[in-house]
Amino acid sequence: MRDVLRHHLFWPVAALVVLLVANTIARPGFLAVTVRDGHLFGAPVDILRTTAPLLLVALGMTLVIATRGIDLSVGAVVAVSGAVALSHIASSPNPDSPVTVLTAIALALVLCLLLGVWNGFLVSVLGIQPIIATLILMTAGRGVAMLITNGMITTVNSTPFKVLGSGFWLGLPAAAVLAFGVFAVVAFVVRRTALGMLLEATGINPAASRLSGVRSRTLTWTVYTASGLFAGLAGLLISADTMAADANNAGLFIELDAILAVVIGGTALSGGKFSLSGTLVGALVIATLERTVTVLGISPLVTPLFMALVVIAVTLLQSPRMRERLTARRRQVATPPGSRPAAGPGPTPGSTTDPTTDPTEVKA
Amino acid sequence: MATSAPARTPRARRGLRLPTRLDRRYLPVLGTFVVLALMLVVGGTRYENFLTPAVISNLFINNAHLIVLAVGMTFVILTGGIDLSVGSVLALSTVITAALLQAGLPVAVVIPLAVLAGTVIGLAHGVMIHYFQVQPFVATLAGMFLARGLCFLIAPESIGIADPAFIELATWVQIFGQWRMTSSVLIALIVVGLGFLVLHFTRFGRTVYAIGGGEQSALLMGLPVARTKVLAYVVSGTFAGLGGLLFAMFSRSGYSLTGVGMELDAIAAVVIGGTLLTGGTGFVLGSVLGVLVLGLIQTIITFEGTLSSWWTKIVIGVLLLIFVLLQRVLSLRRT
Amino acid sequence: MTQQTAPPVVELTGISVEFPPVKALDGVDFSLHPGEIHALMGENGAGKSTLIKALTGIHSPTAGTIRVDGVERRFSGPADARAHGVSTVYQEVNLCENLTVAENIMLGAEPRVLGGLNWRAIRRQAATHLRRMGLDIDPSSSLGSHSLAVQQLVAICRATVGDCKVLILDEPTSSLDTDEVAHLFTVMRGLRDEGVAILFVSHFLDQVYEVSDRMTVLRNGTLVGEYVTADLPAAELVQHMIGRSMDVLEAAEEVLEQAERPAGATPLLGVVGLGRKGSVQPFDLDLYEGEVVGLAGLLGSGRTELARLLTGADRADVGQARVAGRPTRLRNPRAAMRHRIAYTSEDRKGEGVVDGLTVRENIVLALQAERGWMRPLPRKQVDELVARYIQQLGIRPADPEALLRNLSGGNQQKVVLARWLATAPRLLVLDEPTRGIDVGAKAEIQKLVAELAADGMSVVFISAELEEVLRISHRIAVLRDRRKVAEIDGNGATMDQVVDLIAGGGAA
Amino acid sequence: GTQTGGGGETNAADDGVITLGFSQVGAESGWRAANTKSIQDTLTAENGFDLKFSDAQQKQENQIQAIRSYIAQQVDVIAFSPVVETGWDAVLQEAKDAGIPVILTDRAVDSSDETLYESFIGSDFVLEGEMAGQWAAEQYDGEGYQAVELQGTTGAAPAIDRKDGFESAIAGSDIEIIDSQTGNFTRAEGKTVMEGFLNAHDDIDLVFAHNDDMGLGAIEAIEAAGMTPGEDIKIITIDAVKDGMQALADGKINYIVECNPLLGPDLADITKKVLAGEEVEKRIVVKDEAFDQAAAKEALPTREY
Ligand SMILES: Nc1ncnc2c1ncn2[C@@H]1O[C@H](COP(=O)(O)OP(=O)(O)OP(=O)(O)O)[C@@H](O)[C@H]1O
Ligand SMILES: Nc1ncnc2c1ncn2[C@@H]1O[C@H](COP(=O)(O)OP(=O)(O)OP(=O)(O)O)[C@@H](O)[C@H]1O
Ligand SMILES: O[C@@H]1[C@@H](O)[C@H](O)OC[C@H]1O
Ligand SMILES: [Mg+2]
Ligand SMILES: [Mg+2]
């Protein structure tokens, strides 16, 4: 039981369960999934679909954060991606042709990849601090997206493209299949190869990693590129969702949601050890949270308040201090009677453990 | 971002041994100053009525609240932290001010309350960050949501301020020829002076720098790390509250959606002013210059007058880039 | 000398500290008297630093009492301890490099005027303290602009500010050279004579014998005993520390003596006119298989920078390098690694350990980086490799999954060494590999170096301990003022000869 | 054009070109884009204008800043669409002191002093809401319809007024609003909120969206839930931008009340009058039409936006 309690996914999963239970109490049929025309329908399915773009962005964000970085530009990249794809489809004489759609997707992804390359260049080659380097694209990127759409909300009708938003594959929403599929592949690659460890080493001590022959710079560059690419993919899903490219609003604040997903999942923003499974749960928590607000009929006015409370609760419960409390209780049970219980349990804040990183982090 | 500075190689150290008269720590600020001057010159030659006392006065009048936010942010960033909540806290303070004034409370009661709201939120951040070791980015992100939620709870709609005493305070202006100085500019300048004095002439201020230089070291040196860190967030929160007051004076209203993204402006200003996000180096005066640079970018864009909204965004991005690159070049030449 | 009559100023009884599952200290007694220099001895990980941290309130003991001046106390942290006259310079010298020297010395005790800091007085007082330490540096210069040695002395200077009854120095000499050590000892003796009680940790036995009055030996977190320095022969001390006799040391000597410098035809690595502007003047050097080349020089003479050019850590801007006769460019560490050249930096914290990763991950890091991320080492191979090095180098705790940051300084060093040995290098450049390492482990490392050379590896060995360099090297390159000034045969060389060369007195 | 000399009276300058500083809210909706285009296409050099345009990116501080800058630049006329209603007195007073007339477009300001601006050109948002509500009551009263509302940006005048208008118009009928949340005037949020509504309520009959964009988002959500928008769930929106009209013509929306974004010509007209010293009306309400599906099919080919 105690090991369960100390597992790094315990609190995020608990948060998810609490949210689902709350929804089910408010609405007993909440978890019901029905099959129609061989497709699954229902709130859980909706949640999977709405999680999809966030999951992709959070995936890239996790890798970037592992290298001690952060990518604030993902929201803008989402907007650019939709703008490029939909402008291409809209300007083509035959929006329903798969070739048009594939070209549009390819164009968008390549451009977003390049935007990622740009971020990576600023960070890894020019050595600009990530938060500022990506702030540049965060600002300019939306401008670029508007430039592409000429400030209009570009809308299209294209059956093959619409599949990305509301189509079904294998009975599940195509967007969810795509996002979870990409996530699984990346997670597999990162953890089954040495990539994860090398990223962590880069994030913890770039100088030592370089001397050990780790291509720190290339790795750093790569994660920003990946983040751009995943954000681009997310942008396609988001624009296909409404079949509109809204340069101003598409992906607005998604960077914050993604960072929150990463943090709720137990990855420290100070880089190093990261948990992709945590990010997955984190993204689900956020998507479910948004849904909960509507289902519980919580006034939209207090939505941010509700968000804040959940975030504070999860992060406090996950904080080193709270974990020590749990450890301390265990230790007290373990220590023989008569021995003096520790004054301040475990290492005090002044212990040699670096307070910015969580030593108990476990990787996925 | 609680990242620690990259390990210093022995070579970097030798570079610093070169004899120089001007302290290298001032170089980034100087760089910002040079760029600011350049922008003024370019603007002055390009547009009519640009290099006028009215425009320069406006620069300060329009950005007084941002200056106050940036000073608070400087404290936090110097400790190696960050405060994402300041935009929302500013909004909260405007809403509290407007709502309480509307309810008929006297200005003398309302002003301290509005500022205090920021102080309390700052304190909460400090406690979360220091005692629960929640990362600053996350703690203040939660604070950002919290403050915004409170805004909506108090009043979703924008509330006008008609209180005569408040209006009088807001419209107080001192005119020197073409130059104008409003009460908010005066307050902002006082805050800057205070910030400077506290950072350079108190133990608290020096401990802020020490923590940024290495929290672990500061602890082992026996410095009051806990108190100082918490206090830095209290300062930032308080100044955000005060910033809200200035903003309420500026807009004569309280609105829950105000200041969205303003924290990024404040952070950008601090960074442009030469403060490192890793903590330990930087100056309040640099942050003030950073705010002026951002303000001047806006001014230039309005003077240009033909930019569609997308070009506005792209131009801001490009200018930010040029700025960061310039600073980078400057700091590379240092070693 | 020792004033056994005076009551102890610090008295610890039955102190235990735990980092589950490690018991870092187990019921240790310790006492420190005014006017004595007391050495705390023990192997890496014995619990020396932990004892100090328990005393100064960084770690809270799970059992035991702490008395200072006869009053039972639990300090809440360094500040509290300091307020009661207990000042500490911790092992990880940690001052703030972004502040000036004066601030680092006076921070927290600054003179004030009208409620604000009095900068003039701060600088003046700092200058006074610096002078007392015999340090001639500008108080308003930035601390980061000074060498580690100077920083170390500034840290000590800081510790003596104010009412200092007890001064604790955890390995203060590990980055100092002979002159600076002598200098430090003068200061320490001066303070002792003023009645200050000094607790001193060092792995240099000769230093301990030179300066200490009494010593306390720890082993594996338990107290072995307290001794009067003059009464305890060195061999016995070592036996107390490592819990066995000095066979290892003798074994090392044997291997070294057996090893004969082979007459290789082409050097493994040969460099001609290699140099870098502002760092090291162009130099020639040939490194042969099976040979240990020592680098001797004063602090800042350029040994490290030479080593960095040999290993691609820094890029040379002039000169040529040949590996096994073939021209090559050592552009970066990876390029060097392709030629099986390995480098362990002297800056363990900054360029060695990856403290958030485990022992296992740290050991395989270089090997894995070399294979590329696509080809992960099979888990079984990793486990064997890691187990082997933990055993061979005596890494403690012997837990592959322990986070490196929880290991003692010396053990971290061993892990970094293991990382490079795992890559099976042909040329191994070791920059201060024995810094902060206990006698037993130091002997192990020396033996290891000798054995590696005997097996055909080429080793470049840098150490601040000249004696060690002399003992271990087949050949010694001497540096002075960032220039290679001489190359002598290691076997015939005497200490005096090398010292002359280093100091610039002898013929080059 | 812009005068070089210091501080004097500003009026339509000798060269006959009118310098007009316009501060736009942002670019948050399709409506807004059409509005911006209309202004930029009308106030051209050919038409005798020198337009200084700036986008406030939805921030009041940017608008105040821009207006101050226009005053410093000594433009002939200042026009703007205020982000929020309150807080304009100070800066408008500055403009008045500098002798520069101000014209409001689209959204009004909440000020006790009406002399601070010359005129307001825009729609009557309350009326728009009422028109939507009236039509709903006419069509669906007696069916016991359960309606959900997608509100505009919290606190924005069009959101507040349209909500009020709609509510007052359905007051006598048996249409009941069972849920109402903000979709922030955007399509994406309109869709997410609608999805939530569909998860939370079994029986939704009617959607009232404060603009087309949110209505279009709702259509996506309804389709994704396997239902037919316009039939299973009726939809009423406001704006009548092209995409909305198309959906109306396609039968996915049931009724749209127009909110005319083409304010450029009116603005040009009023500006000239103001500068010529003519009396202008304080409040010029643009006439808004409303469309049902048949009307939409008819109007679609000739719509400008
Ligand atoms: N913060 C910590 N968390 C867990 N274990 C720790 C921590 N600090 C020390 N230890 C463990 O306690 C033991 C004693 O370490 P300590 O640092 O006191 O050794 P030391 O005698 O100073 O060694 P060295 O000579 O290498 O500096 C070691 O096994 C170490 O791994
Ligand atoms: N007296 C000094 N004052 C200031 N800086 C110094 C001094 N001595 C050395 N340094 C710095 O320390 C760094 C280390 O010197 P270097 O690597 O050249 O010498 P080394 O022979 O390896 O000495 P070390 O024993 O420190 O490793 C140099 O870059 C130099 O800048
Ligand atoms: O989108 C709209 C909003 O931005 C504008 O202010 O009023 C009309 C609305 O439909
Ligand atoms: Mg130690
Ligand atoms: Mg060296």
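What you see is a predicted model, and the numbers here were worked out from it, not measured in a lab. Chain identifiers are assigned alphabetically (A, B, ...) following the order of the sequence lines, protein sequences preceding nucleic acid strands; residue numbering begins at 1 within each chain.
- In terms of modelled atom types and a separation under 3.5 Å, the side chain of A:Gln129 and the main chain of B:Leu276 share no donor-acceptor contact.
- When all heavy atoms are compared, the tightest approach of B:Gly317 to A:Ala140 is CA-CB, 4.0 Å.
- Residues B:Leu141 and A:Leu260 have side chains in contact (heavy-atom distance under 4.5 Å, counting atoms from C-beta outward).
- Heavy-atom distances place no part of B:Val270 under 4.5 Å from chain A, backbone and side chain included.
- Looking only at heavy-atom pairs under 4.5 Å with chain B, the residue among A:Leu122, A:Leu316, A:Leu137, A:Leu72 that has the most is A:Leu316.
- In this structure, B:Leu146 CG and A:Phe306 CZ are separated by 13.5 Å, a value rounded to the nearest 0.5 Å.
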Side chain to side chain contact (heavy atoms under 4.5 Å, CB included) between B:Leu325 and A:Ile128, worked out:
CA-CA 8 Å; B:Leu325 288 181; A:Ile128 296 172; 4.0 Å; yes
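- Across every non-hydrogen atom of A:Val311 and B:Ala142, the tightest pair is CG1-CB, 4.0 Å.
- For the pair B:Phe137 and A:Ile259, the minimum side-chain heavy-atom distance is below 4.5 Å.
- At least one side-chain heavy atom of B:Leu264 sits under 4.5 Å from a side-chain heavy atom of A:Met138.
- Contact annotation for B:Leu150: both backbone and side-chain heavy atoms come within less than 4.5 Å of a heavy atom of chain A.
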Test side chain to side chain contact (heavy atoms under 4.5 Å, CB included) applied to A:Thr315 and B:Met128, step by step
CA-CA 9 Å; A:Thr315 47; B:Met128 273 178 85; 4.2 Å; yes
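- By number of non-hydrogen pairs under 4.5 angstrom with chain B, the leading residue of A:Leu135, A:Ile312, A:Leu309 is A:Leu135.
- In this structure, the side chains of B:Phe145 and A:Val310 stay at 4.5 Å or more apart for every pair of heavy atoms.
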Side chain to side chain contact (heavy atoms under 4.5 Å, CB included) evaluation trace for A:Leu256 with B:Met144
CA-CA 11 Å; A:Leu256 293 184; B:Met144 164 180 170; 3.5 Å; yes
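- Considering only heavy atoms from C-beta on, B:Lys313 comes within 4.5 Å of A:Asn248 through its side chain.
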